J.: 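The structure under discussion is supplied below as structure tokens; questions concerning it will follow.
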Amino acid sequence: IAMAGVAGRLARRWCRSAVRSPLQVISFPSLQLHLSGTAMRASQEDFESAMNQVKLLKKDPGNEVKLRLYALYKQATEGPCNMPKPGVFDFINKAKWDAWNALGSLPKETARQNYVDLVSSLTASSESSSQVKPGADREQQEYENLVVTSEDGITKIMFNRPTRKNAISTQMYQEIMLALKAASKDDSTITVVTGNGDYYCSGNDLANFTDIPPGGVEEKAKQSAIMLRDFVGTFIDFPKPLVAVVNGPAVGISVTILGLFDAVYASDRATFHTPFSHLGLSPEGCASYTFPKIMGPAKATEMLIFGKKLTAGEACAQGLVTEVFPDSTFQKEVWTRLKAYSKLPPNSMRISKQVIRNTEKEKLHAVNAEESSVLQERWLSDECINATMNFLSKKAKL
Ligand SMILES: CCCC/C=C/CC(=O)SCCNC(=O)CCNC(=O)[C@H](O)C(C)(C)COP(=O)(O)OP(=O)(O)OC[C@H]1O[C@@H](n2cnc3c(N)ncnc32)[C@H](O)[C@@H]1OP(=O)(O)O
């Protein structure tokens, strides 16, 4: 408890001191590699100007960055660390000493350049984030079928067609891709996908197949396969932790792509249903690869070929869901947890995700291409056309 109190006080002191003086700032080791490669051009004037910019930063850059700035400043002005090592309980001075000492014999000019570059990257990111509309919950308005908000370091993409059980229309596929691309570049640390209303998502909007272009059904199948491949590809390549908050039943493609998320939290009201055979279809979203890997081939067969609907508890037992919460406390518990996770170092989380994903990326893209091409054929099959017609003419439901 005492240590936690000390840590809290230290963090507050560091935050307060960061914008007062470059002498009182603390590091960001992950920037070190990036910065050490830059050319040594910064003049004394650039350096002094950067010191002034630090004092004007609108956003607290965090303790690690402050330590890094401190270390670079000391290295640039005094050279290699020349202070005696502080005692182990002198936390602040020990952290500063460690940061400075870690720069070893980095030449003064390089440290000066790195300091200038670091300040310039901080200024740029604080300018771009200050262009976003202020407010605790910043909603971007440009989507018809989604509500996208950013708060507490979390971008939330919410399916918003509750009267259609959040079925994904052609336009909604495009909007989800756009929202994910924007989220991959914004200053949030975690991206969350969830649904509005009683459903998480009822999968592909079966009316998508009624909008036939002049090229006929073959052309429609071709366009749909391209869109599907791009859509799933956006999830494969998404660079930050991606979390599904499954608020209710999930069907079809909204289930299969869960295998590409980094965590899946589900209400105990949620169900997971991939009725592909009933619809004359075959798996997509890389599920033909991720599901057998996650739950074993036999369990994957029950879901993907026999269309067995899983409860949230079953999906959790089989590894598709990370954790299940009672519906009454679902939102509160999940968002409290996500807010805590969103405060973890963003670069570390992003890099860890990439390390995990990169080993499989090529394979996932290949699987995605194959699944999309198989579906292009399935959509033209009698089995699929009949099942779709039965649903649309209200003769069938899942
Ligand atoms: C181009 C890329 C393609 C990628 C391929 C993906 C494959 C899949 O995703 S397969 C899964 C497709 N989804 C379904 O088959 C679900 C169909 N829907 C249903 O079976 C039921 O609607 C339901 C079990 C989800 C919900 O039943 P419930 O009785 O609670 O509600 P409803 O009254 O049926 O729904 C309200 C309203 O919403 C319409 N709707 C729901 N889901 C879809 C859907 N997927 N596509 C089109 N429309 C859907 C439903 O028809 C109702 O409309 P009306 O109020 O006009 O009757």
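Values reported hereafter were calculated over all heavy atoms of this structure, with side chains retained and with hydrogens, waters and symmetry mates removed. Numbering of residues begins at 1 and proceeds along the displayed sequence. It should be emphasised that the depicted structure is a prediction, and the values quoted were computed from it without experimental measurement. Counting starts at 1 for both ligands and their atoms, following the listed order.
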J.: Geometry only, no angles: is Tyr199 polar-contacting ligand 1 at N/O separations under 3.5 Å?
T.: no
J.: Would you check the N or O atoms of Trp379, main chain and side chain alike, for any that come under 3.5 Å of an N or O of ligand 1?
T.: no
J.: Atoms of ligand 1 less than 4.0 Å from Ala167 heavy atoms?
T.: 43 (C), 44 (C), 45 (N), 46 (N)
J.: Go through ligand 1 atom by atom and flag the ones less than 4.0 Å from a non-hydrogen atom of Gly252.
T.: 8 (C), 9 (O), 10 (S), 11 (C)
J.: With a cutoff of 4.0 Å, is Asn208 in contact with ligand 1, counting heavy atoms of the residue only?
T.: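 Under 4.0 Å: no for Asn208.
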J.: Mind checking whether Phe276 has an N or O less than 3.5 Å away from an N or O of ligand 1?
T.: no
J.: What do you reckon, does Leu392 put a non-hydrogen atom under 4.0 Å from ligand 1?
T.: no
J.: Regarding Ser188 and Lys240, do their side chains bring together a donor and an acceptor under 3.5 Å, going by distance alone?
T.: yes
J.: For residues 191-245, pull every pair meeting ring-ring contact (aromatic ring centres under 6.0 Å, His included), keeping only residues two or more places apart or in separate chains.
T.: Phe159-Tyr200, Tyr173-Phe231, Phe209-Trp379, Phe231-Phe235, Phe235-Phe261
J.: Would you mind listing which atoms of ligand 1 come within a distance below 4.0 Å of any non-hydrogen atom of Met227?
T.: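 By the 4.0 Å cutoff, the relevant atoms are 1 (C).
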J.: Side chains of Asp205 and Ser169: is there a donor and an acceptor less than 3.5 Å apart?
T.: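 Per modelled atom types, Asp205 and Ser169 side chains form no pair under 3.5 Å.
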J.: Could you check whether Lys339 pairs with Glu151 (Lys NZ or Arg NE/NH1/NH2 to Asp/Glu carboxylate O, under 4.0 Å)?
T.: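 Salt bridge absent between Lys339 and Glu151.
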J.: Say whether Tyr173 and ligand 1 are in contact under the criterion: heavy-atom distance to a ligand atom below 4.0 Å.
T.: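 Yes, Tyr173 has a heavy atom closer than 4.0 Å to ligand 1.
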J.: Output the list of atoms in ligand 1 that are nearer than 4.0 Å to some heavy atom of Gly203, sorted by atom number.
T.: 9 (O)
J.: Classify the contact between Thr274 and ligand 1 as side chain, backbone, both or neither, using a heavy-atom distance cut-off of under 4.0 Å.
T.: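 It is neither; nothing of Thr274 touches ligand 1.
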J.: Can you list everything that forms a salt bridge (charged side-chain N to carboxylate O under 4.0 Å, His left out) with Glu370? Sequence neighbours excluded, please.
T.: none
J.: Numbering the atoms of ligand 1 from 1, which are under 4.0 Å from a heavy atom of Thr163?
T.: 36 (C), 37 (C), 38 (O)
